[in-house]
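Written below as structure tokens is the structure these notes are about.
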Amino acid sequence: QVQLVESGGGSVQAGGSLRLSCAASGRAFGRYPMGWFRQAPRKEREFVAGVSWSGGGTYVLDSVKDRFTISRGNAKDTVYLQMNSLKVEDTAVYFCAAGEPGSLFWSPSGYVYWGQGTQVTVSS
């Protein structure tokens with residue numbers, strides 16, 4: 001069992017930046033991937049980024065890859081999403097997620113643990 005807690009969301013003007021953080025805890029340890037999803041009102045959940053257990057492999061959604069960067073902390077129990085040049089279209093609830101050990105970081109179907117979500121609102 002893994003518990004995930006996000007932080008760093010908030011309101012920002014278009015063109016600004018935010019850094020989301022997610023801390024993992026619990027009795028489950030292992031080589032599990034971590035990632036970020038987002039869900040805008042009345043929209044489907046969208047896989048934004050993923051990172052391997054070691055931090056050496058990353059995936060970022062094509063539509064945001066020039067602006068967003070995912071990274072994993074040195075202790076491997078923290079994941080970050082740096083979001084630059086934010087657009088109104090980025091407004092959503094952002095969820096941290098983790099997969100089971102051995103799952104693929106680039107596959108959204110492998111993520112089975114979820115944080116509570118943090119709101120990101122970008123205004124024009």
Side-chain angles (χ1 to χ4, degrees):
Q1 189 75 16
V2 176
Q3 292 80 48
L4 305 171
V5 179
E6 305 98 331
S7 63
S11 297
V12 64
Q13 290 190 81
S17 298
L18 286 172
R19 186 186 69 179
L20 305 184
S21 300
C22 175
S25 63
R27 289 187 290 273
F29 299 96
R31 299 179 176 183
Y32 55 88
M34 298 182 72
W36 292 92
F37 292 74
R38 68 184 182 184
Q39 188 164 19
R42 296 174 295 280
K43 296 294 191 299
E44 291 290 301
R45 183 186 64 181
E46 185 175 41
F47 182 42
V48 176
V51 60
S52 65
W53 71 271
S54 68
T58 61
Y59 162 87
V60 183
L61 181 68
D62 282 345
S63 62
V64 302
K65 68 184 302 179
D66 291 337
R67 302 182 293 115
F68 290 12
T69 303
I70 189 170
S71 61
R72 197 152 186 170
N74 291 335
K76 305 299 184 289
D77 60 352
T78 305
V79 65
Y80 305 96
L81 186 68
Q82 179 67 47
M83 305 186 293
N84 298 326
S85 301
L86 282 161
K87 303 177 179 180
V88 172
E89 296 76 37
D90 297 317
T91 295
V93 177
Y94 284 71
F95 296 91
C96 179
E100 296 283 5
S103 62
L104 304 175
F105 69 89
W106 63 84
S107 176
S109 63
Y111 290 90
V112 295
Y113 301 104
W114 300 89
Q116 82 285 355
T118 185
Q119 177 71 47
V120 171
T121 302
V122 185
S123 60
S124 60

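Please read all numbers here as calculations on a predicted model, not as lab measurements. The basis for the numbers below is simple: all heavy atoms, side chains too, and nothing from hydrogens, waters or symmetry mates.
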What one should report as the nearest heavy-atom pair of Ser85 and Ser17 is N-OG, 4.2 Å
Do Met34 and Cys96 have side chains that approach each other closer than 4.5 Å (heavy atoms only, starting at C-beta)?
yes
Point-to-point distance, once rounded to the nearest 0.5 Å, from CZ of Phe95 to CD of Glu46:
13.0 Å
Using a 3.5 Å distance criterion without hydrogens, assess whether the side chain of Thr91 forms a donor-acceptor pair with backbone atoms of Val122.
yes
Group every Ile, Leu, Val, Met, Phe, Trp and Tyr by side-chain heavy-atom contacts under 4.5 Å, then state whether Ile70 and Val120 land in the same group.
yes
Pairwise distance CD(Gln119) to OG(Ser11) - rounded to 0.5 angstrom
7.5 Å
With a 4.5 Å cut-off on side-chain heavy atoms, are Thr118 and Val93 touching?
no
Ignoring hydrogens, what is the shortest heavy-atom contact between Glu100 and Pro33? Give both atom names and the distance.
O-CD, 3.6 Å
Donor on one side chain, acceptor on other, Gln3 and Tyr113, under 3.5 Å:
no
Answer yes if Leu61 and Leu86 sit in the same cluster of Ile, Leu, Val, Met, Phe, Trp and Tyr residues linked by side chain heavy atoms under 4.5 Å apart, and no otherwise.
yes
Would you say the ring centroid of Tyr111 lies under 6.0 angstrom from that of Phe37?
yes
Indicate the atoms forming the closest heavy-atom contact of Tyr32 with Gly99, along with that distance.
CB-O, 2.9 Å
Any chance you could measure Ser54, atom OG, to Lys76, atom NZ, to the nearest 0.5 Å?
7.0 Å
Mark yes or no for whether Glu6, through its side chain, and Gln116, through its backbone, hold a donor-acceptor pair below 3.5 Å.
yes
Are Val88 and Val64 grouped together when hydrophobic residues (ILVMFWY) are joined by side-chain heavy atoms under 4.5 angstrom apart?
no
If you look at every heavy atom in Ala49 and Leu81, which pair is closest and at what distance?
CB-CD1, 4.2 Å
Check: Glu44/Gln39 side-chain N/O donor and acceptor closer than 3.5 Å
no
Are Arg72 and Asp77 close enough for a salt bridge, meaning some N to O gap below 4.0 Å?
no
Distance in Å, Trp36 CH2 paired with Cys22 SG, rounded so as to fall on 0.5 Å steps
5.0 Å
Between Val48 and Tyr59 the two heavy atoms that sit nearest each other are O-CE2, 4.1 Å
Can you tell me how far the OG1 atom of Thr58 sits from the CZ atom of Phe68, to the nearest 0.5 Å?
14.5 Å
Minimal heavy-atom distance between Arg38 and Asp90, with the atoms involved, is NH1-OD1, 3.0 Å
